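Just below is one structure, and these are the notes that go with it.
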Amino acid sequence: MGAHVYVDETNVGRGVFAARHFKPGELILTFSGPRIDHTSPLHHTEHAGNLLQTGKYTYIYPDAPGLYVNHSCEPNAGIFPHRRLVALTPVEPGEEIRFDYSTTMDDGIWTLNCLCGQPTCRHVVTDFKTLDPQLQASYLMRGIVLRFIARTYRPPMMRAA
């Protein structure tokens with residue numbers, strides 16, 4: 001997958017960019033990395049913001065290039081089951097690939113001042129539970145909320161499905 005994306009500088013540091021066109025639904029990359037427990041001292045370092053929450057008490061420290069995928073309040077990608085980052089919209093060569101970090105956050109311990117610059121920017125990235133209910137529902141319907149979060153926040157009519 002690495003040949004299909006590359007890391008370059010952005011307004012917020014490094015980011016991941018498309019080296020080719022991606023169609024909606026197409027796999028961009030799969031996040032991998034060492035598993036980190038919720039009690040790890042890493043949570044109290046400058047690297048804590050790089051952790052990707054994968055379960056209620058588990059995280060991974062993403063390997064590159066996944067480490068450099070940035071947040072957007074209007075994402076062009078989303079994480080589907082098994083840590084797969086998939087295009088939500090057409091992604092053109094040279095376009096930065098971003099997902100909404102809130103779709104993977106439910107620990108109540110980390111926030112980020114958002115610099116995505118989108119018209120709908122929330123200015124602070126926080127847990128999924130803090131999102132507007134309409135945005136929550138949209139993300140749940142699209143399937144881009146990690147399972148451990150979706151099980152808690154999915155409306156009752158969707159739980160039966």
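Quick caveat, the model's predicted, so the values are computed rather than measured.
Hydrophobic cluster of Val124: no remaining members, since no ILVMFWY side chain lies below 4.5 Å from it.
The nearest pair of heavy atoms linking Pro24 to Thr89 is CG-C, 3.7 Å. Cys114 and Cys121 get closest at one heavy-atom pair: SG-SG, 3.6 Å. Taking all atoms of both residues into account, the shortest heavy-atom contact from Pro75 to Tyr139 is CD-OH, 3.6 Å. The minimum heavy-atom distance between Pro65 and Leu29, with the atom names listed, is CG-CD2, 4.1 Å. Shortest non-hydrogen contact noted between Thr54 and Leu146 is CA-CD1, 4.2 Å.
Put simply, the side chain of Pro62 does not reach to within 4.5 Å of the side chain of Ser32, judged on heavy atoms. At least one side-chain heavy atom of Pro34 sits less than 4.5 Å from a side-chain heavy atom of Asp63. Side-chain atoms of Val69 and Ile28, non-hydrogen and from C-beta on, never get closer than 4.5 Å to each other. Side-chain contact between Trp110 and Tyr101 is present, with heavy atoms from C-beta onward closer than 4.5 Å. Using a 4.5 Å heavy-atom threshold, the side chains of Leu140 and Phe128 count as touching.
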Can you list the steps and then say if Phe148 with Thr58 is a side-chain contact (heavy atoms from CB on, under 4.5 Å)? CA-CA 10 Å; Phe148 79 98; Thr58 58; over 6 Å; no

From CA spacing to verdict: side-chain contact (heavy atoms from CB on, under 4.5 Å), Leu135, Thr120: CA-CA 11 Å; Leu135 184 56; Thr120 59; over 6 Å; no

Under the criterion side-chain contact (heavy atoms from CB on, under 4.5 Å), I'd like the reasoning laid out for Leu51 against Tyr61: C-alpha separation, chi angles, the key distance, then a yes or no. CA-CA 5 Å; Leu51 294 173; Tyr61 193 90; 3.7 Å; yes

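From Ile79, atom CD1 reaches atom CG of Asp100 across 10.0 Å, with rounding to the nearest 0.5 Å. Put simply, CG on Leu42 and OH on Tyr59 are 10.5 Å apart, with the number rounded to the nearest 0.5 Å. Here the CE-OG1 distance, from Met105 to Thr130, works out to 7.5 Å after rounding to the nearest 0.5 Å. Atom CD1 of Ile144 sits about 7.0 Å away from atom OG of Ser138, to the nearest 0.5 Å. The structure places CG of Leu112 at 10.0 Å from CZ of Arg122, a figure rounded to the nearest 0.5 Å. Atom-to-atom distance recorded for Tyr68:OH and Thr10:OG1 is 12.0 Å, nearest 0.5 angstrom.
Pairs of residues two or more places apart, or lying in two chains, that qualify as salt bridge (Lys or Arg N to Asp or Glu O under 4.0 Å) and include a residue from residues 105-115 are Asp106-Lys129.
Using modelled atom types, no side-chain atom of Thr104 and backbone atom of Gln53 make a donor-acceptor pair closer than 3.5 Å.
Taking the salt bridge (charged side-chain N to carboxylate O under 4.0 Å, His left out) definition, one finds that Arg83 meets it with nothing, sequence neighbours left out. Judged as a side chain to side chain contact (heavy atoms under 4.5 Å, CB included), and not counting sequence neighbours, the contacts of Pro81 are Arg84, Arg147. Looking at residues two or more places apart in sequence or on another chain, you find no salt bridge (charged side-chain N to carboxylate O under 4.0 Å, His left out) involving Glu74.
In this structure, Tyr153 is not a member of the same hydrophobic cluster as Tyr57, with clusters built from ILVMFWY side-chain heavy atoms closer than 4.5 Å.
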When the side chains of residues 91-99 are checked against the rest of the protein, which donor-acceptor pairs come out under 3.5 Å, sequence neighbours left out?
unit_1, atom_1, unit_2, atom_2, d
Glu92, OE1, His21, ND1, 3.4
Glu92, OE2, His21, ND1, 3.2
Glu95, OE1, Glu92, N, 2.9
Glu95, OE2, Asn76, ND2, 3.1
Glu96, OE1, Arg98, NE, 3.0
Glu96, OE1, Arg98, NH2, 3.1
Glu96, OE2, Asn70, ND2, 2.7
Glu96, OE2, Arg98, NE, 3.3
Arg98, NH1, His71, O, 2.8
Arg98, NH2, Asn11, OD1, 3.4

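Relative orientation of the Phe22 and His4 rings is perpendicular, given thresholds of 30° and 60° on the angle between their planes.
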